[in-house]
Amino acid sequence: MSQAVSEFLRMLPFLVAAWLFVVGLYGIVTSRHLVHLIMCLVVVQTSTYLLLLGVGYKIGAAAPIFADIPVGTPAVDPVTHALMLTDIVVEATVMALLLALAIQAEERAGSVDPEQLRIMRG
Amino acid sequence: MNHFLPASPVAVPLSIAALLAAVNQHIPRRLADALAMAASLWSVIACLWLLMKSSHGLIVYWMGGWEPRNGAAIGISFTIDPLGAGAAAFASSLVLVALVFSAHYFDSVGTIFHVLMLAFLGAMCGFSLTGDIFNLFVFFELMSAAAFALCGYKTEESGPIQGALNFAVTNTIGAFMALSGIGLLYGRTGALNMAQIGKSLGQTHDGLVVAAFVMITCGFLVKAALVPFHFWLADAHAVAPTPVCVLFSGIMVELGLYAVARVYWTMFHGALAQFEAQTRAIFVSLGVLTAIVGALMSFAQRHIKRLLAYSTISHTGLMLVAFAMLAHGALAGLALYVLGHGLLKGALFLSAGILLHHLGSIDELNLRGKGREAIRASGLMLFLALGLSGVPPYGTFLGEALIDSAAEKLHYSWISYIFMFAGIVTAAAVLRVAGRIYFGWGQDLDRSQQDEGETDEGRETSGGKEVPATMFVPTLVLLLLGLGMSFIPGLRVKTQAAAMEFMDQGAYQQQVLEHAAPPAYVPHAEESLLPGIVRGIVSTLLALIVAGLVLLPHPLRRGIEGFSGGVSFVLRPLRILHSGHMGDYVAWLTAGVAAIGGLFAYFIH
Amino acid sequence: MIVLQAGILLFVGVIGTAVVFTRNPLNQVIGLTFYGLLMALMFFIFQAPDVAFSQIVIGAVVLPLMVLLTLAKLKVKEQRRK
Amino acid sequence: MNYQARTALFIVSGLGFLCFYIWGLHGLPGLGHYPGPYGNLINSLTVYERHATDAVTAVNFDYRGFDTLGEEFILFASVMGANLLLRKQKDDREEDPPLDRAQDRVVPPTSDAIRVTGLALVLPIVVFGLYTISHGQLTPGGGFQGGVILASMPLIIYLCGDYKAFDQVTSHVLSEVTEAVGAGGYAIAGLISIVFGLNYLTNFIPLGQTGDVLSSGTILLISVLTGLEVAGGLVVLMIAFFRQTLVYRKADDESREQDEPSRQ
């Protein structure tokens, strides 16, 4: 039983990551509201967290904090954590920029529906 | 100095940016201008110095002094070679030019414009110099964040907001795609330094390597605006302030391509070496498609900045073709072509900016016959248009000549016709604009064609009868540099040596990880430029003829009506595809990645 | 532990999908907040306390707050236009 | 393209992309089989070389500190950008009276219980934020996390209904300067290393005793600067968004008027 589960788990975070990436893109493509679109973009970004988290994880290892555990104890990869931290802060700020653009779109173009924001055609 | 110079093109602009932000509104505009220009001037000098120094072998600079242990990198390195340093130097010079131009151009809000420009500059330099794949991503994002904000700078209008939104969403998705590819690579190799990844990947070419390659490449190709990832570019250029367009077209887009080349030659070359022919075929087709679509769309525009933007798309297609040759001659040609094109396109955007400043419009049809008032700008435009078709001694022809002779050896000599086609059509489009604006030739405004989306934009300045020297001189300087680069002795040989250094994966790894001594590179002797000169002149003449035909007075137009009917038959669906809808853009982006990925998967397995 | 990990990964996948398919932004933001918290929990389970720490604040407070403020602003604008 | 065509195009290409991606993912060693060597190397080095017990903080602020510099500036540029986009336009002024008055809605006064609890929370939050920043090299936390916590303090003040205090605490100029000092300080801290003849961002401060608060050299300094930057940046962002929608609970118009000119 646990064998089967662990075989399934071997690929699980990566499959979920791929799924979230594509589903987020689907949300963006079919979105009718800029704020909805931005939240779908957040979902796309979380896909990269899952990928990095899965890549850096070690079975049975501790968190990479050597305050309470001696050096040499197996610990998960701190580099991917640092990359994710970077990623999270980037996410928040880029989304803020996009939300600000959405507010301005309503203000200047009178709509937040991508269908109506097509001044840039041709 | 050796501790300072390699990091300074990033550290100095960013420090000054933070300083200017801290004193926002409390310092006079001119002082802010001066500080920003000084910072970018410093970057130019430092990068040129690095360029000289690195021609004798890579400069490997470890941030924080973290040298590799037993061949494994633990810190971030700047791995500086002449092409990277050259890209950074060129980016810094364009920023300097743009800052000079905008000194009398903007009624700026505090120092925000300067801060964003400097952050953009620091990001571009870091992007060109870094030797670490995640660091490349970080600077890619910094470049994007600054670019989004700069693009939406004119918040009073609806156009910039929509353009910036399209730009931001597509490029952010591209960045996530590249990051996923980086995650895949890290999962395989446990390394982030490009040299180490390349070493660790070796010759393996399984699904993971191919997927990582395609995802990273496509992520950067979004920035490089290749069809079908190109939609955002025209929107962003049409709306961004003119000095910012100079940077977008002149260097930012090309940096996307630079990253693709860098990533290929440092990490994937070993793995994909036996599939070189297939890789070449895929990228050549993508590039040719881009060159043709960009050229046609460029010809169909009346919004001058949008027209120039599509012409940039067309030229990046040509650049991708040059990269796809995967040969040092073509890579050297690409470097020279980027330089020539950047100078030229920068000058074209600046002259468009002068038109907008002087006449308050950027719509070709609205401006018909009004060019006499802004004679200097439209006169310049005529000159510059000739450069687009690669007329000697304009710098682009040097690059084309090198690319052609490399392509000939690989039995791809037909691509020179693509170069000619794109050159002729984009040059003819600009010549048409210049002819219409300056001489008042061609049809008058046809009010029936209204459903074309944005055709004009508001002023960016308070306007005026005078064109200040700070606007005219930078434009002229760019033009002269573009002409002058053809006369630098030994430029082609040196660039070829630099390209060989860029492509030598083994030497790159050994120099970064093991302090190995650099090998010497001896390029072939210079080849004759005569075919290039002839071709440049022929294309220019053809461009003049095409532009002349379009501008013919009404009675004479009858003769070519059938022809122009055919052209618009092709153009109509193409223009409908450029719908301005963000959902469409993202759908095409996904389709592009799936198609490229599918092709690679098919060829390699 | 393995079952817990598999469970939370699946849950993240399901909630992420739900966030995308919630078309009303106001409902979606509630989903997004929950999704952010779930992510933080996942980081804890996968031995990444540092990441979990920032994710709680960013994903479950800052981001939803900004979205809510944006929605409030959009609503006011929309009403004024009518 | 219309909605159906677009969706159809996406579904076909999205599935293609999904298959391609999964094909690539199959080459990964599988969850829990991290291949190394980067992370293992860092885990074995941090305590000896940097006297830091939290390897993630050591990576963020030292081994890969240059990434963090870039990332600080992403925050910085985005905040600048959002601020630029959300600045009030000239034509907004007249049609933008305080919202509540325009809608004749009565704001319920904040209850004393919330106010007292909230204000009592302010001090612990500040202390907790500072603790998180200063112990980043020892326990989970650091500049990012502590900065974010500090940035949540003004929110609580706002929730307690004291807009005036919110305005004072978040005085725009102050937080903007904090942000710039944090970001610029980071870039300049790197330059100090050069004065000592070291590479950019190299440690130049004694490492101290492992486990002490004042240990691990520049990691602590950079952690503090990052904390300033993140806190300042997020506060500026939140003010920018708040000003779009703010419910003016009291007669705050004078403080608003005074603040206006400095923001233009």
Side-chain angles (χ1 to χ4, degrees), chain A residues 6-7 9-15 17-19 21-23 25-26 28-30 32 51 53-61 63-68 71-83 85-90 92-101 103-104 107 115, chain D residues 3 6-7 9-11 14-15 17-18 21-22 25-26 28 30-34 36 38-40 42-44 46-48 53-60 63-64 67-68 70-71 74-75 77-79 81-86 89 92 138-140 142 144 211 230 233-234 237 240-241 244:
Chain A
S6 78
E7 192 49 39
L9 189 65
R10 225 177 76 83
M11 283 302 292
L12 188 60
F14 308 125
L15 293 179
W19 170 249
F21 201 113
V22 175
V23 148
L25 286 182
Y26 172 79
I28 293 172
V29 169
T30 57
R32 298 297 305 267
L51 177 63
L53 188 70
V55 158
Y57 185 67
K58 268 189 237 170
I59 291 175
I65 318 277
F66 300 95
D68 304 321
V71 179
T73 321
V76 301
D77 176 23
V79 179
T80 46
H81 294 182
L83 304 189
L85 270 177
T86 308
D87 210 4
I88 287 177
V89 179
V90 170
T93 55
V94 173
M95 297 310 151
L97 205 53
L98 283 169
L99 287 169
L101 281 169
I103 291 181
Q104 284 292 331
E107 199 141 316
E115 207 70 54
Chain D
Y3 185 85
R6 184 183 315 133
T7 314
L9 172 68
F10 178 79
I11 287 178
L15 282 178
F17 172 64
L18 188 64
Y21 193 2
I22 290 176
L25 288 168
H26 264 285
L28 285 175
L31 180 68
H33 300 91
Y34 171 69
Y38 202 166
N40 300 338
I42 297 278
N43 275 339
S44 63
T46 43
V47 175
Y48 298 121
T53 51
D54 184 348
V56 180
T57 309
V59 173
N60 253 326
Y63 291 101
R64 299 187 65 80
D67 272 349
T68 310
E71 189 251 308
I74 295 175
L75 172 67
S78 303
V79 169
N83 221 356
L84 175 82
L85 286 167
L86 294 177
Q89 302 297 328
D92 275 6
L138 307 174
T139 50
F144 293 124
V230 171
L234 286 180
L237 259 188
F241 275 95
Q244 296 287 315

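In what follows, every chain begins at residue 1, and chains take the letters A, B, ... in the order their sequences are listed. All of these numbers come straight from a predicted model, not from anything done at the bench.
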Identify, with sequence neighbours excluded, every residue that meets side-chain contact (heavy atoms from CB on, under 4.5 Å) alongside D/Ala82.
-> A/Leu97, A/Ala100, D/Leu237
Partner chain A: residue of D/Ile42, D/Asp67, D/Leu9, D/Asn43 with the largest heavy-atom pair count (under 4.5 Å) | D/Asn43
Contact winner vs chain A - D/Thr57, D/Thr53, D/Thr7, D/Ile22, heavy-atom pairs under 4.5 Å = D/Thr53
Which region of A/Val23, side chain (C-beta onward) or backbone (N, CA, C, O), has a non-hydrogen atom less than 4.5 Å from a non-hydrogen atom of chain D, or is it both or neither?
-> neither
How far apart are the closest heavy atoms of D/Leu138 and A/Ile65, and which atoms are they?
-> O-CG2, 3.5 Å
Heavy-atom nearest pair, A/Ala82 first then D/Val59, reads CB-CG1, 3.6 Å
Given the options D/Ala77, D/Gly233, D/Ala55, which has more heavy-atom pairs under 4.5 Å with chain A than any of the others?
-> D/Ala55
When only pairs under 4.5 Å are counted, which of A/Gly54, A/Ala63, A/Pro64, A/Gly56 shares the most heavy-atom pairs with chain D?
-> A/Pro64
Heavy atoms of D/Leu75 and D/Val230 approach each other most closely as CD2-CA, 3.8 Å
Honestly, the part of A/Leu101 sitting under 4.5 Å from a heavy atom of chain D is both
Nearest non-hydrogen partners of D/Leu25 and A/Ala18, listed with the distance = CD1-CB, 3.8 Å
Should the pair A/Tyr26 and D/Phe10 be assigned to parallel (<30°), tilted (30 to 60°) or perpendicular (>60°) ring geometry?
-> tilted
When the 4.5 angstrom heavy-atom criterion is applied to A/Leu98 and chain D, the contacting part is neither
Side chain, backbone, both or neither: which part of D/Tyr48 has an atom under 4.5 Å from a heavy atom of chain A?
-> side chain
Under the ring pair (Phe, Tyr, Trp, His ring centres under 6.0 Å) test, residues paired with D/Tyr38 that sit two or more places apart = none
Side chain / backbone / both / neither for A/Val22 at chain D, heavy atoms under 4.5 Å | both
What's the shortest heavy-atom distance between A/Gln104 and D/Leu86, and which atoms?
-> NE2-CA, 4.3 Å
Chain A contact via D/Val47 - side chain, backbone, both or neither, heavy atoms under 4.5 Å = side chain
Option that, when pairs with chain A are counted at under 4.5 Å, heavy atom only, ranks first among D/His33, D/Arg6, D/Arg64 = D/Arg6
